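Please read these numbers as outputs of a predicted model, since none were measured by experiment. So that the names make sense, note that chain A is the first sequence line, chain B the second, and so on, each numbered from 1.
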2 protein chains.
Amino acid sequence: MNASSKPERTRLSAENWEDAALDVIAEQGVGALAVEALARRLGVTKGSFYWHFRTREALLQAALERWEQYGEREVIAQIEAIPDPRERLPELFRRVAHELQPHRVYAALLKALDHPLVVPVMARVSQRRTEFLATAFREAGLPPAEALNRARLTYAAYVGFLQLNFTLGLPRISHEDFDAYVEHMIATLIPA
Amino acid sequence: MNASSKPERTRLSAENWEDAALDVIAEQGVGALAVEALARRLGVTKGSFYWHFRTREALLQAALERWEQYGEREVIAQIEAIPDPRERLPELFRRVAHELQPHRVYAALLKALDHPLVVPVMARVSQRRTEFLATAFREAGLPPAEALNRARLTYAAYVGFLQLNFTLGLPRISHEDFDAYVEHMIATLIPA
DNA sequence: GGCGATCCATACTCAAGCGTATGGTAACCG
DNA sequence: CGGTTACCATACGCTTGAGTATGGATCGCC
């Protein structure tokens, strides 16, 4: 079950390439996904790559599919496990706010929305998450139409925050200020 | 005062190139900004370009500066002209929501945050707009700390909305649904 | 109306990055 | 333990797009 770290002298599989691709995407964006650079990163050459994948696009496609599948599983499951529906949203907000790592790929993909391959993936993921939020808002007491709009608003705020404070390094908000911001979000977006 | 249309047989200036660059950015993104393509679009060749600009990056830089300067002027002025402070924010929301054109460059630049040149520009612009929002929220009656957080939240929602519904073409929300969404935003984000 | 400055065309060079061809080595299997 | 299969190295071709060199056309101005 370990084959995704750095310098393992073993031979590579397609999944290794996909994981490495996602790492590069998270660190330097989709544009920096080049096969020769990736090969160097993995300690091999292009010859290896073109055995596993027919083209560069094929790798990107596979990596995106991989990310889409193994992406949100945990968070959604954890939140749905919370018994009181009215506690789910605040908990979701706080949890998401303090896990930076999983958002890096998402943020990187937001900056790559010109690429035709990432658009449908992001569309599906965002759609699912928004719907998840909508049901959560309904369970929290909002009428359906309002719940959907609130979900859109909330998810847009999440996406925008990623762009402004994550990739763009806006005035590097302090830790306690950030916590205050999260609580402010909870107070304004979640019905009492 | 007219020199930015398509097929004017006159000779070109640096400003013409910058405007054309912004058009391309708005339509196809920063990545599609290539000098030979731009030259074709303007009916000339690279020879012309490299007389006006030292490099491709120089053009991008100049175009971004141009956009940053002549960008928001009008909106802010118009809003500040509204006498009743409590009417400014709803009016701002509705106005911004129905002017799609000016947001195209901004949306395109959001997708180009990997490029080192656009980051500082976007940082400055977003910073200024957020501060503008913050004072508006203060004038609307929110205490300073809360006003700042509400401004952050609001602007993040704006940015996220651009990404999700503009560049990404999410479930193509209908016109009346969109209006309902805007009103929901107003009701949720603006203090009564 | 000629002359320097401005603007543009043509024809190159050069580097990056994808993809291909082909031969080599290590694993696995009978 | 020989041979097939899976994986990788090396060396090449090809395209795209940036940047350069240089000469031609056109404008402004005296």
Side-chain angles (χ1 to χ4, degrees), chain A residues 1-25 27-64 108 111-112 114-118, chain B residues 2-25 27-64 108 112 114-118:
Chain A
M1 189 63 83
N2 74 340
S4 57
S5 294
K6 302 283 175 54
E8 310 227 342
R9 228 14 108 185
T10 173
R11 308 167 97 189
L12 301 176
S13 71
E15 286 77 21
N16 295 133
W17 286 94
E18 296 168 11
D19 286 339
L22 287 175
D23 287 347
V24 169
I25 289 175
E27 294 168 10
Q28 308 173 262
V30 175
L33 186 62
V35 328
E36 281 164 313
L38 242 199
R40 276 193 299 275
R41 188 189 180 94
L42 287 171
V44 292
T45 67
K46 320 182 347 171
S48 170
F49 177 86
Y50 283 98
W51 192 90
H52 294 283
F53 298 92
R54 232 172 42 78
T55 168
R56 191 206 102 128
E57 301 279 281
L59 167 67
L60 179 56
Q61 178 106 33
L64 290 178
K111 298 190 292 186
D114 12 21
H115 198 111
L117 282 180
V118 325
Chain B
N2 73 340
S4 58
S5 296
K6 303 284 176 53
E8 311 227 340
R9 228 15 108 186
T10 174
R11 306 166 100 191
L12 300 177
S13 72
E15 286 77 21
N16 295 134
W17 286 95
E18 296 167 10
D19 286 339
L22 287 175
D23 287 348
V24 168
I25 289 174
E27 294 168 9
Q28 308 173 263
V30 175
L33 187 62
V35 330
E36 282 165 312
L38 241 200
R40 276 194 299 275
R41 187 189 181 96
L42 287 171
V44 293
T45 67
K46 317 184 348 173
S48 170
F49 177 85
Y50 283 100
W51 192 90
H52 295 284
F53 298 92
R54 233 172 43 76
T55 167
R56 192 205 101 128
E57 300 279 283
L59 167 67
L60 179 56
Q61 178 107 34
L64 290 178
D114 14 19
H115 198 112
L117 282 181
V118 324

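Annotation for Gly29(B) and Ala108(B): closest pair CA-CB, 4.4 Å, computed over non-hydrogen atoms. Taking both residues in full, the closest heavy atoms of Arg54(B) and Ala58(B) are given as N-CB, 4.4 Å, listed atom of the first, atom of the second, then distance. Ser48(B) and Leu12(B) make their closest contact through OG-CD1, 4.4 Å (heavy atoms, listed as atom of the first residue, atom of the second, distance). For the pair Lys46(B) and Ala39(B), the tightest heavy-atom approach, listed with the atom from each and the gap, is N-CB, 4.0 Å.
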Encoded 5' to 3' (Watson-Crick or G-U under 3.5 Å; [ ] crossing; | other strand), DNA chain D becomes ||||||||||||||||||||||||||||||
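We find the OG1-CZ distance between Thr45(A) and Arg40(A) to be 11.0 Å, quoted to the nearest 0.5 Å.
Side chains of Glu18(B) and Phe53(B) form a contact here, defined as non-hydrogen atoms less than 4.5 Å apart. Counting heavy atoms from C-beta outward, Val35(A) and Leu59(A) have side chains that stay 4.5 Å or more apart. The closest side-chain heavy-atom distance from Val44(A) to Trp17(A) is below 4.5 Å. In this structure, Ile25(B) and Leu60(B) have side chains that are in contact, with non-hydrogen atoms separated by less than 4.5 Å. Counting heavy atoms from C-beta on, the side chains of Leu42(B) and Phe49(B) never come closer than 4.5 Å.
The backbone N or O of Asn16(B) lies less than 3.5 Å from no partner atom in the side chain of Asp19(B), so there is not a single donor-acceptor pair.
In this structure, Leu59(B) places its CG atom 11 Å from P of dG19(D), rounding to the nearest Å. The distance between atom CG of Leu42(A) and atom P of dA9(D), rounded to the nearest whole Å, is 11 Å. Look at CZ on Arg54(A): it is 15 Å from P on dC18(C), rounded to the nearest Å. When the P atom of dA27(C) is taken as reference, atom CZ of Arg11(A) falls 6 Å away, rounded to whole Å. Straight-line distance from the CZ atom of Arg40(A) to the P atom of dA16(C): 10 Å, rounded to whole Å. One interatomic measurement links the two molecules: CG of Asn16(A) to C1' of dA6(D), which rounds to 14 Å at whole-angstrom precision. Taking atom CZ of Phe49(A) as the reference point, atom C1' of dC8(D) lies 14 Å away to the nearest angstrom. The CG atom of Leu12(B) sits 13 Å away from the P atom of dC27(D) (whole-angstrom rounding).
The nucleotide whose nearest atom lies closest to any side-chain atom of Trp51(B) is, among dT20(C), dA18(D), dC8(C), dC8(C). When each of dG19(D), dC8(C), dT20(C) is scored by its nearest atom to the side-chain atoms of Ser48(B), the top-ranked nucleotide is dC8(C). When distances are taken from the side chain of Arg56(A) to each of dG19(C), dC8(D), dA25(D), the shortest belongs to dG19(C).
Of the side-chain N and O atoms in Thr55(A), none sit less than 4.0 angstrom from OP1 or OP2 of dC18(C). A close approach under 4.0 Å does not occur between any side-chain nitrogen or oxygen of His52(A) and OP1 or OP2 of dA6(D).
Using a 4.0 Å cut-off on heavy atoms, the residues of residues 28-35 of chain A that approach DNA chain C are Leu33(A), Ala34(A), Val35(A), listed by number.
In this model, no donor atom of one side chain and acceptor atom of the other lie less than 3.5 Å apart for Thr55(B) and Glu57(B).
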For nucleotides 10-16 of chain D, list the nitrogen or oxygen atoms of the protein found under 3.5 Å from its nitrogen or oxygen atoms, one pair per line.
none

